[in-house]
Asks: 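Attaching a single structure in structure tokens format; questions to follow.
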Amino acid sequence: MTENAYTRRDDDNDYGRDGRDRQGVGRMTGTVLVTSGTGKTGRRVVERLAALGVPVRAGSRSGGVPFDWQDDKGWEAALRGTEAAYVAYYPDLAVPGAAEAMAAFGRTAAACGVRRVVLLSGRGEPQAAVAEEALRGAAGAVEVTVVRSAFFAQNFSEGALLGGVIGGELVFPAGTTAEPFLDLDDLADVVVAALTGDGHAGAVYELTGPRSLTFEEAAEELGRATGRPVRYVPVTGPAYASLLEEFGVPEAEAGFLAELFATLLDGHNAATADGVKRVLGREPKDFADFARETARDGAWHG
């Protein structure tokens, strides 16, 4: 899933603290622009790049490096002098206009001399794939790597489902469909490896956790980790859209999100993929480990 408020905020790993990927290439980049640099994924990518000594610009609408997906006038200034960019489009690559935005970004990146772009995309999202192609087609000689993510595990701890875990009821339109929830630390490690190491140009990596769970099973794992019951409450897409509207989400956005979940959670994304292991040479983090670590860190104290 791509970076939106409802679906999509270091540890030692095989990438390593010395800046070397698992093949030992160890190629450091120049300055990297991280779009949505304060978001769930962007913040983690910024932290890892900084820890490796890579110059990084954290782009955001209100930060020190202005970057707004709704205003392309500032893109050139943010990209000028950079060698690579991490692209996390808000609200989602499947929304109308995303393909046009990706084409515009690709043209700007190429004109600014950017050599490498890593794009966060949604796994099993047909419209997101259209946006991916728009970026590739417009970016010319820029190396483009795509990471297609499963549903973020951190949606339960940093996103719209946080309140449900704290309150003991997860209301969501997933039915009995299983999902291989991905820990964002794994995603960030993959992104940094692709940004700073060679051999990823043109690749598409599908990133998932090591096993698939239904939302009911995920709720049980969360309950075990928090030490209090967490119950999954399935609802229909329209009912969920109405619930979002009650919490102030605009009607059009609420309807889009409900339709997106219906597309993503129809079973076609239930199987796991090996993208994390292909890039990092290790297995991804299990959802139960995510839940225990997050509970220990106090995210669900309420």
Side-chain angles (χ1 to χ4, degrees), residues 1-4 7-8 29 32-36 39 41-42 45 59 67-72 75-76 78-79 82-152 180 182 187-188 190-195 197-208 253 256-257 259-266 268-269 271 273-276 278-279:
M1 292 192 172
T2 51
E3 188 83 40
N4 73 60
T7 63
R8 320 258 181 218
T29 69
V32 178
L33 171 67
V34 176
T35 70
S36 303
T41 68
V45 172
F67 189 94
D68 187 345
W69 283 115
Q70 305 309 312
D71 183 6
D72 62 4
W75 296 1
E76 182 178 347
L79 283 164
T82 64
E83 185 173 346
Y86 170 56
V87 176
Y89 181 74
Y90 182 90
D92 194 277
L93 282 183
V95 302
E100 291 78 6
M102 288 300 98
F105 184 89
R107 289 191 294 269
T108 305
C112 289
V114 175
R115 294 189 55 218
R116 179 174 296 173
V117 168
V118 177
L119 172 66
L120 173 64
S121 187
R123 187 174 184 239
E125 292 186 45
Q127 289 306 117
V130 173
E132 294 170 16
E133 287 303 316
L135 175 62
R136 289 192 190 94
V142 178
E143 299 176 2
V144 177
T145 303
V146 176
V147 291
R148 293 176 177 166
S149 177
F151 198 96
F152 298 164
L182 175 71
L187 185 147
V190 168
V191 168
V192 169
L195 284 169
D198 292 325
H200 304 285
V204 176
Y205 297 117
E206 291 211 359
L207 308 184
T208 73
E253 185 175 354
F256 163 76
L257 289 168
E259 291 179 8
L260 177 64
F261 296 140
T263 299
L264 296 177
L265 296 168
D266 64 359
H268 75 282
N269 281 334
D274 65 352
V276 171
R278 285 173 61 197
V279 177

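Sequence positions, counted from 1, serve as the residue numbers for this chain.
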Asks: Check Val190, Leu182, Thr41 against Val147 for a side chain to side chain contact (heavy atoms under 4.5 Å, CB included) and give me the one that passes.
Replies: Val190
Asks: Return the set of residues passing side chain to side chain contact (heavy atoms under 4.5 Å, CB included) with Thr263 (not counting sequence neighbours), or none when no residue passes.
Replies: Pro126
Asks: Would you check if Trp75 and Trp69 make a side-chain contact, meaning some heavy-atom pair closer than 4.5 Å?
Replies: yes
Asks: The criterion is side-chain hydrogen bond (donor to acceptor under 3.5 Å, both in side chains); which residues satisfy it with Glu100, sequence neighbours excluded?
Replies: none
Asks: Any chance you could lay out the side-chain contact (heavy atoms from CB on, under 4.5 Å) test for Leu33 and Val114, step after step, and finish with the verdict?
Replies: CA-CA 10 Å; Leu33 171 67; Val114 175; over 6 Å; no
Asks: Counting C-beta onward and ignoring hydrogens, is there a side-chain heavy-atom pair between Leu195 and Val117 closer than 4.5 Å?
Replies: no
Asks: Any idea which heavy atoms bring Thr35 and Ala88 closest together, and the distance?
Replies: OG1-N, 2.9 Å
Asks: Any side-chain heavy atom of Phe151 sitting closer than 4.5 Å to one from Asn269?
Replies: no
Asks: Within a strict 4.5 Å, meaning less than it, do heavy atoms of the Leu120 and Val191 side chains meet?
Replies: no
Asks: State which residues pass salt bridge (Lys or Arg N to Asp or Glu O under 4.0 Å) with Glu259; sequence neighbours excluded, sorted by chain then number.
Replies: none
Asks: Does Thr108 reach the side chain of Asp72, with side-chain heavy atoms less than 4.5 Å apart?
Replies: no
Asks: Does the side chain of Leu264 come within less than 4.5 Å of Glu125's, by heavy atoms?
Replies: yes
Asks: So which heavy atom on Ala85 is nearest to which on Leu79, and how close?
Replies: CB-CD2, 4.2 Å
Asks: Looking only at non-hydrogen atoms, find the nearest pair between Tyr89 and Gln70 and report the distance.
Replies: OH-NE2, 4.3 Å
Asks: List the atom pairs, with distances to 0.1 Å, where a side-chain N or O of residues 132-143 and a protein N or O form a donor-acceptor pair under 3.5 Å, not counting sequence neighbours.
Replies:
{"unit_1": "Glu132", "atom_1": "OE1", "unit_2": "Arg148", "atom_2": "NE", "d": "3.4"}
{"unit_1": "Glu132", "atom_1": "OE1", "unit_2": "Arg148", "atom_2": "NH2", "d": "2.7"}
{"unit_1": "Glu132", "atom_1": "OE2", "unit_2": "Ser121", "atom_2": "OG", "d": "2.6"}
{"unit_1": "Glu132", "atom_1": "OE2", "unit_2": "Arg148", "atom_2": "NE", "d": "3.0"}
{"unit_1": "Glu133", "atom_1": "OE2", "unit_2": "Arg136", "atom_2": "NH1", "d": "2.5"}
{"unit_1": "Glu143", "atom_1": "OE1", "unit_2": "Arg116", "atom_2": "NE", "d": "3.0"}
{"unit_1": "Glu143", "atom_1": "OE1", "unit_2": "Arg116", "atom_2": "NH2", "d": "3.2"}

Asks: List the atom of Cys112, the atom of Glu76, and the distance in Å for their closest heavy-atom pair.
Replies: SG-CG, 3.7 Å
Asks: Could you tell me whether the side chain of Val87 reaches within less than 4.5 Å of the side chain of Phe105, counting heavy atoms only?
Replies: yes
Asks: Between Asp274 and Thr208, is there a side-chain heavy-atom distance shorter than 4.5 Å?
Replies: no
Asks: Out of curiosity, Ser149 OG to Leu187 CG, how far, rounded to the nearest 0.5 Å?
Replies: 5.0 Å
Asks: Val192 vs Tyr86, test: side-chain contact (heavy atoms from CB on, under 4.5 Å). Steps then yes/no.
Replies: CA-CA 9 Å; Val192 169; Tyr86 170 56; over 6 Å; no
Asks: Mind checking side-chain hydrogen bond (donor to acceptor under 3.5 Å, both in side chains) for Asp266 and listing every partner two or more places apart, or none if nothing turns up?
Replies: His268
Asks: With sequence neighbours left out, what residues match Tyr205 under ring pair (Phe, Tyr, Trp, His ring centres under 6.0 Å)?
Replies: His200
Asks: Minimum heavy-atom separation for Leu260 to Ala94, with atom names?
Replies: CD1-CB, 4.4 Å
